[in-house]
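The structure under discussion appears below in the form of structure tokens.
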Amino acid sequence: FREEKEITTGGSYFIKKDASSSSLELHSVKPSDSAKYTCQVSNDAGKVDCTAVLFVKEPPAFVRKLEATKLVTSGDSAKLECKVTGSPVIAFKWLKDEMEISSSPKYTMSLIDLVASLEIVNCGVEDSGDYVCVASSEAGSDRCSSTVTVKESPVFVRSLEPKDVVKGSEMLLEGQVSGSAPFTVSFYKNTKLVRNDKRHRITVKDELVALQVLAVEPGDV
């Protein structure tokens, strides 16, 4: 019997019997198979039964995973969030580059209705890496991951300097930037974009950016 309803061989149920014993096999069990099962034996003299309670635990499975990749600007905070299903009790842990991390001023962790979140506060380049959320229970475990990349905005550590040059000579304006490469570099004369041409050469090498003007003219002022 399943609860109070008699069951027979068929579907996911298989009943085996011999002269003095009987067994019930359930195949491909699922949480909905959780119930009280009773075996009843009877003859002309009477009947007897025994009962077992089956509780099928569902292993954790992520139904909403972390973003595969996340790009963050240095100084901002980043929030990673995922959702899991499964039978309780489910425990969560977070890893960065396969090393477990815990709540701290840098990391804020929360768990609400099986939605796990990790907030990385005031991100720096050193916070870039692979973050993993692991959900585990007696029934099994599951994991999902996100690659976080923290980029620094470009900052001039050495600015362009004013120049006095002779007409017809060559002029070189050079500056140095820090930040996360690659950089997109544009030069402007007043508000007009300067393009690479016969007289203008723009170069970018590592952290150095330069504008070379060949044969300076009065109009270059």
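It should be emphasised that the depicted structure is a prediction, and the values quoted were computed from it without experimental measurement.
In this structure a side-chain-to-backbone donor-acceptor pair under 3.5 Å is present from Asp97 to Asp130. Arg199 places a side-chain N or O within 3.5 Å of a backbone atom of Leu214 that can act as its donor or acceptor partner. Using modelled atom types, one side-chain atom of Ser22 and one backbone atom of Lys16 make a donor-acceptor pair closer than 3.5 Å. In this structure a side-chain-to-backbone donor-acceptor pair under 3.5 Å is missing from Ser34 to Phe55. A donor-acceptor pair under 3.5 Å is formed between the side chain of Glu3 and the backbone N or O of Lys36. Between the side chain of Ser146 and the backbone N or O of Tyr131, no donor-acceptor pair lies under 3.5 Å.
For Arg201, the CZ atom is loosely surrounded, since the number of other residues' heavy atoms within 6.0 Å does not exceed 12. Taking a 6.0 Å sphere around CG of Leu193, one finds it holds more than 12 heavy atoms contributed by other residues, nucleotides or ligands. Dense packing is recorded around NZ of Lys96, with more than 12 heavy atoms of other residues, nucleotides or ligands lying under 6.0 Å away. Around the CD atom of Glu138, the shell of radius 6.0 Å holds no more than 12 heavy atoms that belong to other residues, nucleotides or ligands. Taking a 6.0 Å sphere around NZ of Lys106, one finds it holds more than 12 heavy atoms contributed by other residues, nucleotides or ligands. The number of heavy-atom neighbours closer than 6.0 Å to NZ of Lys70, taken from other residues, nucleotides and ligands shown, is above 12. Counting non-hydrogen atoms of neighbouring residues, nucleotides and ligands closer than 6.0 angstrom, the CD atom of Glu4 reaches no more than 12 such neighbours.
Donor-acceptor pairing under 3.5 Å is lacking for the side chains of Ser128 and Thr149.
To the nearest 0.5 Å, atom OH of residue Tyr37 and atom SG of residue Cys50 are 14.5 Å apart. Interatomic distance, Glu217 CD to Met171 CE, rounded to the nearest 0.5 Å: 11.0 Å. Interatomic distance, Leu114 CG to Arg64 CZ, rounded to the nearest 0.5 Å: 11.0 Å. Taking CE of Met109 as the start and SG of Cys133 as the end, the distance is 9.5 Å to the nearest 0.5 Å. Remark: Leu211 CG to Leu173 CG distance equals 5.5 Å, nearest 0.5 Å. In this structure, Thr38 OG1 and Ile7 CD1 are separated by 9.5 Å, a value rounded to the nearest 0.5 Å.
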- Query: Leu26 and Leu54: side-chain contact (heavy atoms from CB on, under 4.5 Å), yes or no, with the steps?
  - Reply: CA-CA 11 Å; Leu26 283 76; Leu54 175 67; 4.0 Å; yes
- Message: For Val150 and Ser74: C-alpha separation, side-chain torsions, deciding distance, then whether side-chain contact (heavy atoms from CB on, under 4.5 Å) applies.
- Response: CA-CA 6 Å; Val150 182; Ser74 180; 4.2 Å; yes
- Go through the steps for Val121 and Tyr107 under the test side-chain contact (heavy atoms from CB on, under 4.5 Å), then give the verdict. CA-CA 6 Å; Val121 180; Tyr107 302 118; over 6 Å; no
- Could you walk me through whether Thr147 and Thr69 pass side-chain hydrogen bond (donor to acceptor under 3.5 Å, both in side chains), step by step? CA-CA 5 Å; Thr147 299; Thr69 59; over 6 Å; no
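At least one side-chain heavy atom of Ser137 sits less than 4.5 Å from a side-chain heavy atom of Pro60. The side-chain heavy atoms of Val72 and Asp127, taken from C-beta on, include no pair separated by under 4.5 Å. Leu71 has its side chain within reach of Lys151: a pair of non-hydrogen atoms, C-beta onward, lies under 4.5 Å apart. Side-chain contact between Leu80 and Glu67 is absent, with no heavy atoms from C-beta onward closer than 4.5 Å. With contacts defined as side-chain heavy-atom distances shorter than 4.5 Å, the pair Arg158/Leu208 qualifies.
Hydrophobic clustering (ILVMFWY, side-chain heavy atoms < 4.5 Å, transitive): Phe62 and Val134 are in distinct clusters. Linking Ile, Leu, Val, Met, Phe, Trp and Tyr whenever their side-chain heavy atoms come within less than 4.5 Å leaves Phe92 and Ile101 in two separate clusters. Grouping the Ile, Leu, Val, Met, Phe, Trp and Tyr side chains by contacts below 4.5 angstrom, directly or via other members, places Phe1 apart from Leu24. Residue Phe156 is grouped with residue Val194 when hydrophobic side chains (ILVMFWY) are merged at heavy-atom distances under 4.5 angstrom, including chains of intermediate members. Note: the hydrophobic cluster containing Val204 also contains Val177 (ILVMFWY, side chain heavy atoms under 4.5 Å, direct or indirect links).
Residues Trp94 and Cys82 come closest through the heavy atom pair CH2-SG, 4.3 Å. Nearest heavy atom pair, residue Ile120 against residue Cys123, reads O-SG, 3.6 Å. Here the closest non-hydrogen pair linking Glu58 and Ser87 is N-OG, 2.6 Å. The shortest non-hydrogen separation linking Ala61 to Val84 is O-CG2, 3.2 Å.
The aromatic rings of Phe14 and His27 sit tilted, their planes meeting at an angle between 30° and 60°.
Screening residues 178-198 for side-chain hydrogen bond (donor to acceptor under 3.5 Å, both in side chains), with sequence neighbours left out, gives Asp197-His200.
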